[in-house]
Amino acid sequence: MGLVGEGPYYLVLRPQALDLWWPKVERFLPEFPRKYEVRLYPDGSRAVVAWDLEALKVWYKRVLRG
């Protein structure tokens, strides 16, 4: 037996990283294979929220390479 985590899972971009990383993230969002949403926070952070951890990992690797 083991514990299985359930989503949601977050990829959070802090305000300091938005200028560098958000264009890359936004470009690859249409390729996200599962249900997701983008959340905006009062401090300026943005998050991609997914309910499938493996899909988030695979997609994030594409963002890093892209």
Side-chain angles (χ1 to χ4, degrees):
M1 285 181 51
L3 297 174
V4 177
E6 293 184 14
Y9 303 99
Y10 297 79
L11 169 67
V12 178
L13 292 171
R14 298 286 180 201
Q16 301 84 356
L18 281 178
D19 291 339
L20 178 64
W21 284 98
W22 188 250
K24 294 178 186 181
V25 168
E26 197 170 41
R27 181 176 54 192
F28 285 95
L29 278 175
E31 297 178 19
F32 201 91
R34 301 272 192 246
K35 180 182 169 187
Y36 73 90
E37 67 182 64
V38 175
R39 293 187 185 170
L40 306 174
Y41 295 98
D43 70 349
S45 299
R46 294 183 190 177
V48 177
V49 183
W51 284 262
D52 183 338
L53 180 59
E54 288 304 313
L56 184 63
K57 287 180 187 179
V58 170
W59 175 81
Y60 182 63
K61 287 179 185 177
R62 286 187 205 148
V63 171
L64 289 176
R65 283 182 279 169

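Everything numeric in this text was worked out from a predicted model, so none of it was measured. One is the number of the first residue; the rest follow in order along the sequence.
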Hphob cluster co-occupancy, [X] + [Y], side-chain heavy atoms under 4.5 angstrom:
X	Y	value
Val38	Val25	yes
Val48	Tyr60	yes
Tyr9	Val63	yes

Are [X] and [Y] side-chain neighbours, meaning at least one heavy-atom pair lies under 4.5 Å?
X	Y	value
Leu64	Trp21	yes
Tyr36	Leu56	no
Trp59	Leu29	yes

Over all atoms of both residues, closest heavy-atom pair of [X] and [Y]:
X	Y	value
Leu18	Pro23	O-CD, 3.6 Å
Phe28	Arg62	CZ-O, 3.8 Å
Val12	Ser45	CG1-CB, 4.4 Å
Trp22	Arg46	NE1-NH1, 2.7 Å
Arg27	Gly66	NH2-O, 3.1 Å

May I ask you to check whether over 12 heavy atoms, not counting those of Lys35, lie within 6.0 Å of atom NZ?
->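 Count not over threshold, so no.
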Under 6.0 Å from the CZ atom of Arg14, do we count more than 12 heavy atoms belonging to anything else shown?
->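 At most 12 heavy atoms, drawn from other residues, nucleotides or ligands, come within 6.0 Å of this atom.
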Interatomic spacing from CD in Glu37 to CZ in Phe32 - rounded to 0.5 Å =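 Result: 11.0 Å between the selected atoms.
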